[in-house]
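For reference, positions follow the sequence shown, starting with 1.
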Amino acid sequence: MKVGARSLVAAGAVTLALGNLGRIPGGLLGGRNAPLVLNDLLLLPLWITLLVVAARKLRAWPLDAVTRWILVFVGVAVLSLAQATQLWNLGVGGALGPAAFLLRWVLYAGWFWLVTVCLTGDEARVGVRQMERGIYAIATFGIVQVALFPGFAQVVGAGGGEKTWDEQGRRLVSTMLDPNFAGILIVIALLLRLAREREGKGGHRVVLPLLAMALLLTLSRSAMLSLAVGVLVLLWARGIDRRLAGLFLAGSLVLLPFITLLLRFAEGFNKLGLDASAAQRLVPWSRALIMLRDHPWLGVGFNAVQQAQRAYGWQPIGGADVSLDGGLLFVAAMTGVVGLLAYLGVLTAVWRACRTVYCGSADADARALAAGTAAATVAVVVHSFFANSLLLPFVMQVLWVLWGSVIVVSGSLTETGAVRRTRRLQNT
(Lines give C-alpha, C1' and ligand atoms only; values in the text may rest on other atoms or scores of the structure.)
Protein backbone atom coordinates (compact mmCIF):
# COMPACT_ATOMS: atom_id res chain seq x y z
CA MET A 1 0.00 0.00 0.00
CA LYS A 2 2.97 2.32 0.47
CA VAL A 3 3.71 2.36 -3.25
CA GLY A 4 0.08 3.18 -4.02
CA ALA A 5 0.03 6.00 -1.48
CA ARG A 6 3.28 7.50 -2.78
CA SER A 7 1.98 7.34 -6.35
CA LEU A 8 -1.25 9.06 -5.34
CA VAL A 9 0.64 11.94 -3.72
CA ALA A 10 2.78 12.31 -6.86
CA ALA A 11 -0.34 12.28 -9.04
CA GLY A 12 -1.90 14.84 -6.71
CA ALA A 13 1.03 17.19 -7.33
CA VAL A 14 0.42 16.89 -11.09
CA THR A 15 -3.32 17.58 -10.86
CA LEU A 16 -2.58 20.47 -8.48
CA ALA A 17 -0.29 21.99 -11.11
CA LEU A 18 -3.02 21.64 -13.76
CA GLY A 19 -5.45 23.45 -11.47
CA ASN A 20 -8.63 24.70 -13.08
CA LEU A 21 -7.36 23.82 -16.54
CA GLY A 22 -8.61 20.38 -15.60
CA ARG A 23 -12.07 21.72 -14.75
CA ILE A 24 -14.77 19.37 -16.00
CA PRO A 25 -18.24 20.89 -16.46
CA GLY A 26 -20.81 19.00 -14.42
CA GLY A 27 -24.54 19.05 -14.06
CA LEU A 28 -26.80 20.60 -11.47
CA LEU A 29 -26.80 19.24 -7.93
CA GLY A 30 -29.27 20.67 -5.47
CA GLY A 31 -29.90 23.68 -7.71
CA ARG A 32 -26.22 24.59 -8.11
CA ASN A 33 -23.48 23.91 -10.64
CA ALA A 34 -21.25 21.00 -9.67
CA PRO A 35 -18.14 20.94 -11.88
CA LEU A 36 -15.23 18.64 -11.13
CA VAL A 37 -11.50 19.18 -11.35
CA LEU A 38 -8.91 16.49 -12.00
CA ASN A 39 -7.97 16.68 -8.32
CA ASP A 40 -11.45 15.41 -7.45
CA LEU A 41 -10.97 12.30 -9.59
CA LEU A 42 -8.05 11.22 -7.39
CA LEU A 43 -10.31 11.02 -4.36
CA LEU A 44 -11.77 7.69 -5.49
CA PRO A 45 -8.46 5.74 -5.61
CA LEU A 46 -7.32 7.61 -2.49
CA TRP A 47 -10.27 6.40 -0.45
CA ILE A 48 -10.12 2.92 -1.94
CA THR A 49 -6.53 2.76 -0.68
CA LEU A 50 -7.57 3.93 2.78
CA LEU A 51 -10.49 1.51 2.99
CA VAL A 52 -8.31 -1.42 1.91
CA VAL A 53 -5.76 -0.51 4.58
CA ALA A 54 -8.50 -0.31 7.20
CA ALA A 55 -10.28 -3.50 6.12
CA ARG A 56 -7.13 -5.60 6.00
CA LYS A 57 -5.68 -3.94 9.10
CA LEU A 58 -2.43 -3.39 7.21
CA ARG A 59 -1.58 -0.29 9.23
CA ALA A 60 -2.90 1.16 12.48
CA TRP A 61 -5.19 4.14 12.01
CA PRO A 62 -3.86 6.65 14.56
CA LEU A 63 -6.45 8.63 16.49
CA ASP A 64 -4.30 11.74 16.78
CA ALA A 65 -5.57 15.10 18.04
CA VAL A 66 -6.15 16.45 14.51
CA THR A 67 -8.24 13.39 13.59
CA ARG A 68 -10.34 13.75 16.72
CA TRP A 69 -11.11 17.38 15.98
CA ILE A 70 -11.86 16.57 12.33
CA LEU A 71 -14.46 14.06 13.47
CA VAL A 72 -15.96 16.59 15.88
CA PHE A 73 -16.18 19.22 13.14
CA VAL A 74 -17.81 16.79 10.72
CA GLY A 75 -20.36 15.85 13.39
CA VAL A 76 -21.20 19.51 13.99
CA ALA A 77 -21.42 20.15 10.23
CA VAL A 78 -23.89 17.26 9.85
CA LEU A 79 -26.03 18.65 12.69
CA SER A 80 -25.93 22.14 11.17
CA LEU A 81 -27.01 20.74 7.80
CA ALA A 82 -29.85 18.80 9.42
CA GLN A 83 -31.01 22.01 11.09
CA ALA A 84 -30.73 23.87 7.76
CA THR A 85 -33.23 21.52 6.12
CA GLN A 86 -35.80 22.80 8.61
CA LEU A 87 -34.69 26.44 8.57
CA TRP A 88 -34.79 26.84 4.80
CA ASN A 89 -37.29 24.09 3.88
CA LEU A 90 -34.68 22.42 1.70
CA GLY A 91 -36.29 19.07 1.12
CA VAL A 92 -34.28 16.14 -0.19
CA GLY A 93 -33.33 17.78 -3.49
CA GLY A 94 -32.33 21.08 -1.89
CA ALA A 95 -30.18 19.35 0.73
CA LEU A 96 -28.18 17.42 -1.87
CA GLY A 97 -26.01 20.39 -2.85
CA PRO A 98 -24.82 21.31 0.67
CA ALA A 99 -24.46 17.62 1.55
CA ALA A 100 -22.30 17.05 -1.54
CA PHE A 101 -19.98 19.90 -0.56
CA LEU A 102 -19.69 18.51 2.97
CA LEU A 103 -18.87 15.11 1.49
CA ARG A 104 -16.24 16.77 -0.69
CA TRP A 105 -14.65 18.37 2.39
CA VAL A 106 -14.50 14.99 4.13
CA LEU A 107 -13.08 13.31 1.03
CA TYR A 108 -10.33 15.92 0.77
CA ALA A 109 -9.46 15.29 4.43
CA GLY A 110 -8.49 11.85 3.12
CA TRP A 111 -5.19 13.40 1.99
CA PHE A 112 -4.37 13.86 5.67
CA TRP A 113 -5.12 10.24 6.50
CA LEU A 114 -3.35 8.98 3.39
CA VAL A 115 -0.18 10.56 4.78
CA THR A 116 -0.63 9.64 8.46
CA VAL A 117 -1.79 6.07 7.83
CA CYS A 118 0.17 5.01 4.75
CA LEU A 119 3.45 6.95 4.71
CA THR A 120 6.55 7.03 6.85
CA GLY A 121 8.14 10.29 7.92
CA ASP A 122 10.65 10.24 5.06
CA GLU A 123 7.94 9.37 2.52
CA ALA A 124 5.72 12.16 3.84
CA ARG A 125 8.50 14.70 3.39
CA VAL A 126 9.01 13.50 -0.18
CA GLY A 127 5.30 14.03 -0.72
CA VAL A 128 5.57 17.60 0.54
CA ARG A 129 8.43 18.26 -1.89
CA GLN A 130 6.26 16.92 -4.73
CA MET A 131 3.44 19.29 -3.78
CA GLU A 132 5.94 22.14 -3.74
CA ARG A 133 7.11 21.21 -7.25
CA GLY A 134 3.50 21.38 -8.37
CA ILE A 135 3.36 24.95 -7.05
CA TYR A 136 6.69 25.76 -8.74
CA ALA A 137 5.09 24.66 -12.00
CA ILE A 138 2.12 26.96 -11.33
CA ALA A 139 4.49 29.88 -10.68
CA THR A 140 6.66 29.17 -13.73
CA PHE A 141 3.76 28.83 -16.11
CA GLY A 142 2.20 31.93 -14.56
CA ILE A 143 5.21 34.06 -15.46
CA VAL A 144 5.01 32.80 -19.06
CA GLN A 145 1.26 33.47 -19.06
CA VAL A 146 1.78 37.09 -17.97
CA ALA A 147 4.20 37.65 -20.85
CA LEU A 148 2.40 35.79 -23.62
CA PHE A 149 -1.26 35.15 -22.73
CA PRO A 150 -3.13 38.20 -21.38
CA GLY A 151 -6.72 37.48 -20.46
CA PHE A 152 -5.75 33.83 -20.06
CA ALA A 153 -8.83 32.79 -18.04
CA GLN A 154 -11.14 34.04 -20.78
CA VAL A 155 -9.06 32.48 -23.57
CA VAL A 156 -9.11 29.06 -21.91
CA GLY A 157 -12.71 29.19 -20.74
CA ALA A 158 -12.20 26.14 -18.52
CA GLY A 159 -15.45 24.96 -17.02
CA GLY A 160 -17.64 26.22 -19.87
CA GLY A 161 -20.52 28.46 -18.91
CA GLU A 162 -20.55 27.23 -15.33
CA LYS A 163 -17.84 29.61 -14.16
CA THR A 164 -17.22 33.18 -15.28
CA TRP A 165 -13.65 34.13 -14.43
CA ASP A 166 -12.88 37.76 -13.67
CA GLU A 167 -11.04 39.75 -16.33
CA GLN A 168 -7.42 39.96 -15.14
CA GLY A 169 -5.49 41.16 -18.19
CA ARG A 170 -1.78 40.51 -17.65
CA ARG A 171 -2.02 39.64 -13.96
CA LEU A 172 -0.67 36.21 -13.09
CA VAL A 173 -3.55 33.75 -12.84
CA SER A 174 -1.69 30.66 -14.06
CA THR A 175 -3.61 27.39 -14.08
CA MET A 176 -5.75 28.52 -11.12
CA LEU A 177 -7.31 31.13 -13.45
CA ASP A 178 -7.51 33.42 -10.41
CA PRO A 179 -4.67 35.62 -9.08
CA ASN A 180 -5.72 35.34 -5.42
CA PHE A 181 -5.77 31.54 -5.40
CA ALA A 182 -2.54 31.30 -7.40
CA GLY A 183 -1.07 33.83 -4.97
CA ILE A 184 -1.80 31.89 -1.77
CA LEU A 185 -0.35 28.68 -3.21
CA ILE A 186 2.82 30.57 -4.13
CA VAL A 187 2.90 32.01 -0.59
CA ILE A 188 2.77 28.50 0.89
CA ALA A 189 5.74 27.44 -1.26
CA LEU A 190 7.65 30.61 -0.37
CA LEU A 191 7.20 30.08 3.36
CA LEU A 192 8.28 26.45 3.16
CA ARG A 193 11.34 27.55 1.20
CA LEU A 194 12.20 30.32 3.65
CA ALA A 195 11.86 27.86 6.53
CA ARG A 196 14.43 25.61 4.84
CA GLU A 197 16.74 28.55 4.30
CA ARG A 198 16.47 29.32 8.01
CA GLU A 199 17.56 25.77 8.84
CA GLY A 200 20.36 25.72 6.27
CA LYS A 201 18.51 23.40 3.87
CA GLY A 202 17.63 25.88 1.14
CA GLY A 203 18.68 23.97 -1.97
CA HIS A 204 18.46 25.66 -5.38
CA ARG A 205 18.48 29.42 -4.83
CA VAL A 206 16.79 30.13 -8.18
CA VAL A 207 13.44 28.96 -6.76
CA LEU A 208 13.06 31.85 -4.30
CA PRO A 209 13.31 34.69 -6.86
CA LEU A 210 11.04 32.75 -9.23
CA LEU A 211 8.35 32.42 -6.55
CA ALA A 212 8.78 36.03 -5.43
CA MET A 213 8.44 37.32 -8.99
CA ALA A 214 5.35 35.17 -9.56
CA LEU A 215 3.75 36.47 -6.36
CA LEU A 216 4.38 40.10 -7.32
CA LEU A 217 2.81 39.51 -10.73
CA THR A 218 -0.43 38.29 -9.16
CA LEU A 219 -0.92 41.80 -7.69
CA SER A 220 -2.88 40.01 -4.99
CA ARG A 221 -2.91 42.24 -1.92
CA SER A 222 -4.40 39.44 0.21
CA ALA A 223 -1.58 37.08 -0.83
CA MET A 224 1.11 39.66 -0.05
CA LEU A 225 -0.46 40.40 3.32
CA SER A 226 -0.62 36.70 4.11
CA LEU A 227 3.06 36.33 3.17
CA ALA A 228 4.00 39.17 5.53
CA VAL A 229 2.05 37.54 8.37
CA GLY A 230 3.52 34.13 7.55
CA VAL A 231 7.06 35.52 7.64
CA LEU A 232 6.36 37.07 11.06
CA VAL A 233 5.10 33.70 12.32
CA LEU A 234 8.21 32.00 10.95
CA LEU A 235 10.49 34.53 12.63
CA TRP A 236 8.55 34.24 15.88
CA ALA A 237 8.83 30.44 15.80
CA ARG A 238 12.46 30.11 14.75
CA GLY A 239 14.01 33.56 14.99
CA ILE A 240 16.06 35.33 12.34
CA ASP A 241 19.60 34.35 11.43
CA ARG A 242 22.23 35.60 9.01
CA ARG A 243 20.88 33.49 6.15
CA LEU A 244 17.37 34.96 6.34
CA ALA A 245 18.65 38.47 6.99
CA GLY A 246 20.90 38.18 3.93
CA LEU A 247 18.03 36.90 1.80
CA PHE A 248 15.71 39.74 2.82
CA LEU A 249 18.44 42.31 2.19
CA ALA A 250 19.33 40.81 -1.20
CA GLY A 251 15.66 40.65 -2.19
CA SER A 252 15.17 44.30 -1.30
CA LEU A 253 18.22 45.37 -3.32
CA VAL A 254 17.07 43.36 -6.35
CA LEU A 255 13.55 44.76 -6.13
CA LEU A 256 14.50 48.43 -5.81
CA PRO A 257 15.42 49.05 -9.49
CA PHE A 258 12.07 47.61 -10.58
CA ILE A 259 9.84 49.24 -7.98
CA THR A 260 8.65 51.98 -10.37
CA LEU A 261 7.65 49.43 -13.00
CA LEU A 262 5.81 47.36 -10.42
CA LEU A 263 3.96 50.40 -9.09
CA ARG A 264 2.86 51.35 -12.60
CA PHE A 265 1.75 47.77 -13.21
CA ALA A 266 -0.27 47.80 -9.98
CA GLU A 267 -1.68 51.27 -10.69
CA GLY A 268 -3.03 49.99 -14.01
CA PHE A 269 -5.24 47.59 -12.04
CA ASN A 270 -6.19 50.14 -9.32
CA LYS A 271 -4.32 48.11 -6.70
CA LEU A 272 -2.68 51.03 -4.92
CA GLY A 273 -5.77 52.23 -3.11
CA LEU A 274 -9.18 51.22 -1.84
CA ASP A 275 -11.01 50.06 -4.96
CA ALA A 276 -14.38 48.38 -5.48
CA SER A 277 -12.78 44.94 -5.12
CA ALA A 278 -11.45 45.79 -1.65
CA ALA A 279 -14.64 47.54 -0.50
CA GLN A 280 -16.74 44.62 -1.73
CA ARG A 281 -15.09 42.36 0.89
CA LEU A 282 -17.00 44.20 3.60
CA VAL A 283 -20.34 42.87 2.35
CA PRO A 284 -19.73 39.12 2.90
CA TRP A 285 -18.22 39.85 6.33
CA SER A 286 -21.29 41.77 7.42
CA ARG A 287 -23.59 39.08 6.03
CA ALA A 288 -21.67 36.35 7.83
CA LEU A 289 -21.91 38.28 11.10
CA ILE A 290 -25.68 38.73 10.67
CA MET A 291 -26.11 35.00 10.01
CA LEU A 292 -24.00 34.17 13.04
CA ARG A 293 -25.99 36.60 15.19
CA ASP A 294 -29.28 35.04 14.11
CA HIS A 295 -28.07 31.41 14.27
CA PRO A 296 -25.26 31.43 16.84
CA TRP A 297 -24.93 27.75 17.79
CA LEU A 298 -25.08 25.68 14.58
CA GLY A 299 -25.11 28.43 11.96
CA VAL A 300 -27.16 28.42 8.77
CA GLY A 301 -25.96 24.97 7.69
CA PHE A 302 -22.76 23.70 6.11
CA ASN A 303 -22.67 25.39 2.69
CA ALA A 304 -26.37 26.22 2.89
CA VAL A 305 -25.39 29.89 2.46
CA GLN A 306 -27.09 30.04 -0.94
CA GLN A 307 -30.46 29.19 0.57
CA ALA A 308 -29.83 31.46 3.57
CA GLN A 309 -29.00 34.45 1.37
CA ARG A 310 -32.19 33.91 -0.60
CA ALA A 311 -34.19 33.79 2.62
CA TYR A 312 -32.62 37.06 3.74
CA GLY A 313 -33.38 38.60 0.35
CA TRP A 314 -29.71 39.21 -0.47
CA GLN A 315 -28.21 39.20 -3.95
CA PRO A 316 -24.99 37.21 -4.55
CA ILE A 317 -21.83 39.31 -4.31
CA GLY A 318 -19.03 38.92 -6.83
CA GLY A 319 -20.68 35.93 -8.45
CA ALA A 320 -20.44 33.89 -5.21
CA ASP A 321 -23.87 32.53 -4.43
CA VAL A 322 -22.82 29.38 -2.54
CA SER A 323 -20.07 30.82 -0.35
CA LEU A 324 -18.85 33.97 1.36
CA ASP A 325 -15.34 35.32 1.75
CA GLY A 326 -14.29 35.41 5.37
CA GLY A 327 -12.43 32.20 6.16
CA LEU A 328 -13.10 31.37 9.79
CA LEU A 329 -15.96 33.88 9.77
CA PHE A 330 -17.54 31.90 6.93
CA VAL A 331 -17.04 28.67 8.90
CA ALA A 332 -18.78 30.31 11.87
CA ALA A 333 -21.69 31.48 9.71
CA MET A 334 -22.15 27.95 8.34
CA THR A 335 -21.68 25.90 11.51
CA GLY A 336 -22.07 28.40 14.34
CA VAL A 337 -19.88 28.93 17.37
CA VAL A 338 -19.75 25.18 17.99
CA GLY A 339 -18.42 24.48 14.51
CA LEU A 340 -15.95 27.35 14.72
CA LEU A 341 -14.55 25.99 17.99
CA ALA A 342 -14.18 22.54 16.42
CA TYR A 343 -12.34 23.97 13.41
CA LEU A 344 -10.10 25.99 15.71
CA GLY A 345 -9.45 22.71 17.51
CA VAL A 346 -8.07 21.28 14.25
CA LEU A 347 -5.83 24.31 13.75
CA THR A 348 -4.65 24.28 17.37
CA ALA A 349 -3.78 20.57 17.18
CA VAL A 350 -1.77 21.24 14.01
CA TRP A 351 0.03 24.15 15.66
CA ARG A 352 0.96 22.07 18.70
CA ALA A 353 2.33 19.31 16.50
CA CYS A 354 4.36 21.86 14.53
CA ARG A 355 5.74 23.35 17.74
CA THR A 356 6.67 19.92 19.08
CA VAL A 357 8.74 19.27 15.97
CA TYR A 358 10.42 22.64 15.39
CA CYS A 359 11.31 22.91 19.08
CA GLY A 360 12.27 19.31 19.75
CA SER A 361 13.65 17.72 16.60
CA ALA A 362 17.36 17.40 15.91
CA ASP A 363 16.59 17.03 12.18
CA ALA A 364 16.86 20.35 10.33
CA ASP A 365 14.55 19.15 7.54
CA ALA A 366 11.88 18.22 10.09
CA ARG A 367 12.20 21.60 11.84
CA ALA A 368 11.88 23.41 8.51
CA LEU A 369 8.79 21.39 7.57
CA ALA A 370 7.11 22.13 10.90
CA ALA A 371 7.97 25.84 11.02
CA GLY A 372 7.02 26.32 7.36
CA THR A 373 3.73 24.48 7.90
CA ALA A 374 2.87 26.62 10.93
CA ALA A 375 3.61 29.80 9.00
CA ALA A 376 1.71 28.61 5.91
CA THR A 377 -1.32 27.65 8.00
CA VAL A 378 -1.56 31.09 9.58
CA ALA A 379 -1.00 32.69 6.16
CA VAL A 380 -3.93 30.76 4.66
CA VAL A 381 -6.19 31.72 7.58
CA VAL A 382 -5.33 35.41 7.04
CA HIS A 383 -5.74 35.14 3.25
CA SER A 384 -9.11 33.40 3.56
CA PHE A 385 -10.66 36.49 5.14
CA PHE A 386 -10.36 38.12 1.70
CA ALA A 387 -10.88 35.09 -0.56
CA ASN A 388 -12.48 31.77 0.31
CA SER A 389 -9.14 29.93 0.18
CA LEU A 390 -9.52 28.02 3.45
CA LEU A 391 -12.09 25.73 1.80
CA LEU A 392 -10.66 25.81 -1.72
CA PRO A 393 -9.93 22.18 -2.74
CA PHE A 394 -6.45 22.98 -4.12
CA VAL A 395 -5.40 24.74 -0.91
CA MET A 396 -7.07 22.10 1.28
CA GLN A 397 -5.12 19.38 -0.52
CA VAL A 398 -1.77 21.06 0.14
CA LEU A 399 -2.63 21.85 3.76
CA TRP A 400 -3.84 18.31 4.50
CA VAL A 401 -0.60 16.86 3.12
CA LEU A 402 1.47 19.36 5.13
CA TRP A 403 -0.51 18.72 8.31
CA GLY A 404 -0.35 14.95 7.87
CA SER A 405 3.40 15.09 7.33
CA VAL A 406 3.95 17.10 10.52
CA ILE A 407 1.77 14.65 12.49
CA VAL A 408 3.82 11.71 11.18
CA VAL A 409 7.12 13.40 12.06
CA SER A 410 5.73 14.48 15.44
CA GLY A 411 4.62 10.93 16.17
CA SER A 412 8.08 9.59 15.37
CA LEU A 413 9.62 12.21 17.64
CA THR A 414 7.25 11.32 20.47
CA GLU A 415 7.99 7.60 20.08
CA THR A 416 11.73 8.27 20.13
CA GLY A 417 11.36 10.33 23.31
CA ALA A 418 9.30 7.59 24.93
CA VAL A 419 11.93 4.98 24.07
CA ARG A 420 14.67 7.16 25.55
CA ARG A 421 12.71 7.69 28.77
CA THR A 422 12.09 3.95 29.05
CA ARG A 423 15.80 3.22 28.62
CA ARG A 424 16.74 5.77 31.27
CA LEU A 425 14.27 4.18 33.69
CA GLN A 426 15.65 0.73 32.95
CA ASN A 427 19.23 1.89 33.51
CA THR A 428 18.34 3.38 36.86
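Note that OG of Ser384 and CG of Leu391 are 8.0 Å apart. Values are rounded to the nearest 0.5 Å. Atoms CG and CG, on Asp178 and Asn20 in that order, are 8.5 Å from each other to the nearest 0.5 Å. Here Ser410 contributes atom OG and Asp64 contributes atom CG; the two are 9.0 Å apart, rounded to the nearest 0.5 Å. In this structure, CG in Leu16 is found 6.5 Å from CE in Met131, a value given to the nearest 0.5 Å. In this structure, Thr15 OG1 and Leu21 CG are separated by 12.0 Å, a value rounded to the nearest 0.5 Å.
Of all non-hydrogen atoms in His383 and Ser226, the two that sit nearest each other are CB-CB, 3.9 Å. Closest of all the heavy-atom pairs between Ala379 and Val187 is CB-CG1, 4.1 Å. The two atoms that bring Val76 and Thr335 nearest to each other are CG1-O, 3.9 Å, heavy atoms only. Taking every heavy atom of both residues into account, Ser222 and Asn180 meet most closely at OG-OD1, 3.5 Å. Phe181 approaches Ala387 most closely through the heavy-atom pair CE2-CB, 4.0 Å. Listed here is the closest heavy atom pair of Asp241 and Arg198: OD2-O, 3.3 Å.
Here the two rings, on Trp285 and Phe330, have centers that are 6.0 Å apart or farther. The aromatic ring centres of Phe141 and Phe152 sit less than 6.0 Å apart.
In this structure, the side chains of Thr49 and Leu8 come closer than 4.5 Å at one or more pairs of heavy atoms. Residues Trp351 and Val378 are in side-chain contact: their nearest non-hydrogen atoms beyond the backbone lie under 4.5 Å apart. Considering only heavy atoms from C-beta on, Leu208 comes within 4.5 Å of Leu194 through its side chain. Between Glu132 and Arg196, the closest side-chain pair of non-hydrogen atoms falls below 4.5 Å.
Paired with Ile186 under the rule side-chain contact (heavy atoms from CB on, under 4.5 Å), one option of Leu191, Leu217, Leu211 passes, and it is Leu211. Here the rule is side-chain contact (heavy atoms from CB on, under 4.5 Å) with Val406, and of Thr356, Leu369, Val128 only Leu369 fits it.
Within the 3.5 Å criterion, the main-chain N or O of Ala77 finds a donor-acceptor partner in the side chain of Ser80. When atom types are taken as modelled, the side chain of Arg6 and the backbone of Glu123 share no donor-acceptor pair closer than 3.5 angstrom. A side-chain donor-acceptor contact under 3.5 Å links Gln145 to the backbone of Ser174. Formation of a donor-acceptor pair under 3.5 Å by the Gln307 side chain with backbone atoms of Pro98 is not found in this model. A donor-acceptor pair under 3.5 Å is absent between the side-chain atoms of Arg170 and the main chain of Pro150, judged by distance alone. Here the side chain of Arg125 pairs no donor or acceptor atom with the backbone of Ser405 at under 3.5 angstrom.
Judged purely by distance below 3.5 Å, without hydrogens or angles, the side chains of Thr116 and Trp403 never pair a donor atom with an acceptor atom. A donor atom on one side chain and an acceptor atom on the other are found under 3.5 Å apart for Arg193 and Tyr136.
Between Phe73 and Trp105, the two ring planes are tilted [angle within 30° to 60°]. Classified by interplanar angle (parallel below 30°, tilted 30° to 60°, perpendicular above 60°), the ring pair Trp61/Trp113 is tilted.
Other residues, nucleotides and ligands place no more than 12 heavy atoms under 6.0 Å from the CE atom of Met213. Heavy atoms from other residues, nucleotides or ligands lying under 6.0 Å from CZ of Arg352 number 12 at most.
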List the steps and the verdict of side chain to side chain contact (heavy atoms under 4.5 Å, CB included) for Leu114 and Trp47. CA-CA 8 Å; Leu114 184 75; Trp47 274 94; over 6 Å; no
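Checked for salt-bridge contact, Glu197 and Arg243 miss the test: no charged N lies under 4.0 Å from a carboxylate O.
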